[in-house]
Participant: 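One structure, as structure tokens, below. Some questions next.
Since this is a predicted model, take the numbers as computed values, not measurements. Order of listing sets the numbers, starting from 1, for every ligand and every atom in it.
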Amino acid sequence: MTTTRTTAATTTVPAPHWLDGKAYAGTSGRTGEVYDPATGEVRAHVAYASTEDVAAAVASAKAAFPAWRDTSLPRRTQTLFAFRELLNARRDELAGIITAEHGKVLADALGEVARGLEVVEFACGMPGLLKGGMTENASTGVDVSSVRQPLGPVAIISPFNFPAMVPMWFFPIAIAAGNTVVLKPSEKDPSASLWMAELWAEAGLPAGVFNVVQGDKVAVDALLTHPDVRAVSFVGSTPVARHVYETATAHGKRVQALGGAKNHMVVLPDADLDLAADAAVNAGYGSAGERCMAISALVVVEPVADALVAKIAERTATLTVGDGRRGCDMGPLVTRAHRDRVAGYIDAGEEAGAAVVVDGRGVTPDGAAGGFWLGPTLLDHVTPGMSVYTDEIFGPVLSVLRVASYEGAVELINANPYGNGTAIFTNDGGAARRFSSEVEVGMVGINVPIPVPVAHYSFGGWKSSLFGDTHAYGAEGVHFFTRGKVVTTRWLDPSHGGINLGFPQNR
Ligand code: NAD
């Protein structure tokens, strides 16, 4: 049983489940606290689903599936267009909810909504994306056609750091392709999912096509093992991604499990150092470093490290940290425990010999004293054995590693167990081309620090950053949420037939 604590906070809002087109309180009696990270106060109590609650949500998705699958593509996409219009018109509301529970500044929350909208817009083109193939006279009098059909109820399990965008990497495509969905958002910021569920209802989506179960490991494990869940899209940390992949595949499900990251940005000596410094600050400290594509390791090829570190330190000193509703550059971390964990990594780095060039531990925020504050921190002379480098920190900490050559930089990146995103800053086209070819990472930026692919490409890392072989959204997303069927057809001439036990072959 999760205990609830009374605080001096104003009245909290409930965050229930959503199934069969309406809010559902659940049966477990378990709840968790949801904080406003900029004040430290409890803002909501989120229901934690029991196995029975999950079964009810899956039953709702299963019951809605046949009619939704058989709904014509124009009708399905009209609902997507209606959702898109509503989301576009009311994006400020959603951004406000994200900021209130995640802490990221409003401008960044709006950016998150915009990137989610891109995938909704991509999914509006589902009739074209689902177009199959047809071969006339594949054999004499025989035609062959291929179609892609929906899977049934699918589960989406998402992390705290993008409570709107990450679910939108998956559900627009899943729904447009004719599947029904059970979303399990992060228990740290559950309200965005409910807001989106209400928006779907307003857009005219039939009840049961989009369901939400709130909760923790109990809810996740119930989804991974439920016999009626056909596929699982997961995004979160690597240990949980591995657990999800192993459990759900063992239960016969199709799985894409996107994990953690350690993203390196390489700066070659010929790079424009001002551009590189701007990029390192933006990608290192944006959203307080709580992005799976954040740059956390800056790999500088000498002799330019001193100059680059000075430029970054100068820029970092100008950043304002505070309540995301007040126009600051950077907000708080998501919980006090996470803030303390990140600060612990800075302590460990310092003890291990890293130079703390900018120290965020004593930051003076523009926000309430109870907020989960940690300022941008720049560590220099970090070495590959330090925990600040080996672990995913997921906070506003940029570590500088100095290497002697381009080869040393690539060797470091390719030896790292993660392979989500990376970037190189250089004016040498040949070096950039070589880097994009030989680096073992799924998403590469050339003078672009956060290379999140646009919606008609696909998002996904390599190595411990993704389990399964299908990336999110784009053509791979459509592939993931559909399965292929090939139909071989012959309309018999009545005089034509006869017995033939041989294996079918083209004639
Ligand atoms: P998390 O792994 O703690 O949680 C993700 C989801 O799994 C949540 O819904 C959570 O309730 C659930 N969960 C947590 N522990 C579980 C357990 N033991 N068993 C079953 N389910 C469990 O991740 P987080 O802290 O919410 O998010 C941050 C992590 O997500 C970082 O590692 C980040 O790199 C990663 N992330 C990756 C991508 C990507 O595209 N690769 C994108 C966003 C975030």
Participant: Counting only heavy atoms, tell me which of I393, N420, V220, V240 gets closest to atom 15 (N) of ligand 1.
Facilitator: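 The residue whose heavy atom sits nearest atom 15 (N) of ligand 1 is V240.
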Participant: Among all protein heavy atoms, pick out the one at the shortest distance from atom 3 (O) of ligand 1; state its residue, atom name and that distance to 0.1 Å.
Facilitator: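 Protein heavy atom with the smallest distance to atom 3 (O) of ligand 1: S237 OG, 4.1 Å.
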Participant: Backbone or side chain, does any N or O of T238 fall under 3.5 Å from an N or O of ligand 1?
Facilitator: no
Participant: Compare every heavy atom of G395 with every heavy atom of L333, then report the nearest pair and how far apart it is.
Facilitator: CD2-CA, 4.3 Å
Participant: Do M126 and L80 come close enough that some side-chain heavy atom pair is under 4.5 Å?
Facilitator: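 Counting from C-beta outward, M126 and L80 never come under 4.5 Å.
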Participant: Among all protein heavy atoms in this structure, tell me which lies nearest to atom 19 (N) of ligand 1, with the distance rounded to 0.1 Å.
Facilitator: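 Atom 19 (N) of ligand 1 sits closest to the protein heavy atom K217 CG, 3.3 Å.
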Participant: Please list the nearest protein heavy atom to atom 40 (O) of ligand 1 with its residue and the distance rounded to 0.1 Å.
Facilitator: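 Answer for atom 40 (O) of ligand 1: F459 CE2, 3.0 Å.
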Participant: Looking at A95 and A109, what are the two nearest heavy atoms and their distance?
Facilitator: O-CB, 3.6 Å
Participant: Check contact between G461 and ligand 1, using heavy atoms of the residue and a distance below 4.0 angstrom.
Facilitator: no
Participant: Contact between Y48 and ligand 1, counting heavy atoms under 4.0 Å?
Facilitator: no
Participant: Measuring from atom NE2 of H264 to atom OG of S399, what distance do you get when rounded to the nearest 0.5 angstrom?
Facilitator: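 Taking NE2 in H264 and OG in S399, the distance rounds to 9.5 Å.
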Participant: Is the F122-Y473 ring centre distance short of 6.0 angstrom?
Facilitator: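 No: the rings miss the under 6.0 Å criterion.
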Participant: Nearest heavy atom to atom 31 (C) of ligand 1: which of K188, E392, E187, E290 does it belong to?
Facilitator: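 Among K188, E392, E187, E290, the closest heavy atom to atom 31 (C) of ligand 1 belongs to E392.
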Participant: Side chain, backbone, both or neither: which applies to F162 and ligand 1 if a contact is any heavy-atom pair less than 4.0 Å apart?
Facilitator: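 Within the 4.0 Å criterion, F162 makes no contact with ligand 1.
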Participant: So which heavy atom in the protein is nearest atom 27 (O) of ligand 1, and how far is it from that ligand atom?
Facilitator: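 Residue, atom and distance for the closest contact: P159 CB, 3.2 Å.
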Participant: Is at least one protein non-hydrogen atom found at under 4.0 angstrom from atom 34 (O) of ligand 1?
Facilitator: yes
Participant: For Y24, give me all partners under ring-ring contact (aromatic ring centres under 6.0 Å, His included), at least two apart in sequence or on another chain.
Facilitator: H17
Participant: Considering only heavy atoms, which of V235, V244, I157, D189 lies nearest to atom 5 (C) of ligand 1?
Facilitator: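 Of the listed residues, V235 has the closest heavy atom.
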Participant: I need the M265 CE to L398 CG distance, nearest 0.5 Å.
Facilitator: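 Going from the CE atom of M265 to the CG atom of L398 covers 8.0 Å.
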Participant: Is ligand 1 less than 4.0 angstrom away from at least one heavy atom of P185?
Facilitator: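 Distance cut 4.0 Å: P185 passes for ligand 1.
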Participant: Kindly assign one of parallel, tilted or perpendicular to the pair F394 and F160, based on the angle between their ring planes and the thresholds 30° and 60°.
Facilitator: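 Correct class here is perpendicular.
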Participant: Show me the donor-acceptor pairs, under 3.5 Å and distance only, between side chains in residues 370-382 and residues at least two apart or in other chains.
Facilitator:
from, atom 1, to, atom 2, distance (Å)
W373, NE1, A368, O, 2.8
T377, OG1, G360, N, 2.9
T377, OG1, G375, O, 3.2
D380, OD1, R402, NE, 3.2
D380, OD2, R402, NH2, 2.8

Participant: Report yes if L258 has an N/O atom closer than 3.5 Å to an N/O atom of ligand 1; otherwise report no.
Facilitator: no
Participant: Does atom CD of E202 have more than 12 heavy-atom neighbours from other groups under 6.0 Å away?
Facilitator: yes
Participant: What atoms of ligand 1 come within less than 4.0 Å of a heavy atom belonging to W169?
Facilitator: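 In order of numbering, the contacting atoms are 40 (O).
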Participant: Please check if atom NZ in K62 has more than 12 non-hydrogen atoms from other residues, nucleotides or ligands closer than 6.0 Å.
Facilitator: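 Not more than 12 within 6.0 Å, no.
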Participant: Looking only at protein heavy atoms, which one is nearest to atom 26 (O) of ligand 1, and what is the separation?
Facilitator: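 Looking only at protein heavy atoms, the one closest to atom 26 (O) of ligand 1 is F160 N, 3.0 Å.
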Participant: Where is the nearest protein heavy atom to atom 7 (O) of ligand 1: which residue, which atom, and how far?
Facilitator: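 Heavy-atom neighbour on the protein nearest atom 7 (O) of ligand 1: F234 CE1, 3.4 Å.
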Participant: What distance do W18 atom CH2 and S60 atom OG have between them, rounded to the nearest 0.5 Å?
Facilitator: 11.0 Å
Participant: Out of G260, C292, G259, S465, whose heavy atom is nearest to atom 41 (N) of ligand 1?
Facilitator: G259
Participant: Among all the protein's non-hydrogen atoms, which is closest to atom 43 (C) of ligand 1, and how far away is it?
Facilitator: N161 OD1, 3.3 Å
Participant: Any idea which heavy atoms bring H251 and L224 closest together, and the distance?
Facilitator: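 Result for this residue pair: CB-O, 3.6 Å.
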Participant: Any N or O of S158 that comes nearer than 3.5 Å to an N or O of ligand 1?
Facilitator: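 Yes, since at least one N or O of S158 sits under 3.5 Å from an N or O of ligand 1.
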Participant: Would you check whether F394 reaches within less than 4.0 Å of ligand 1, judged by its heavy atoms?
Facilitator: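 Yes, F394 has a heavy atom closer than 4.0 Å to ligand 1.
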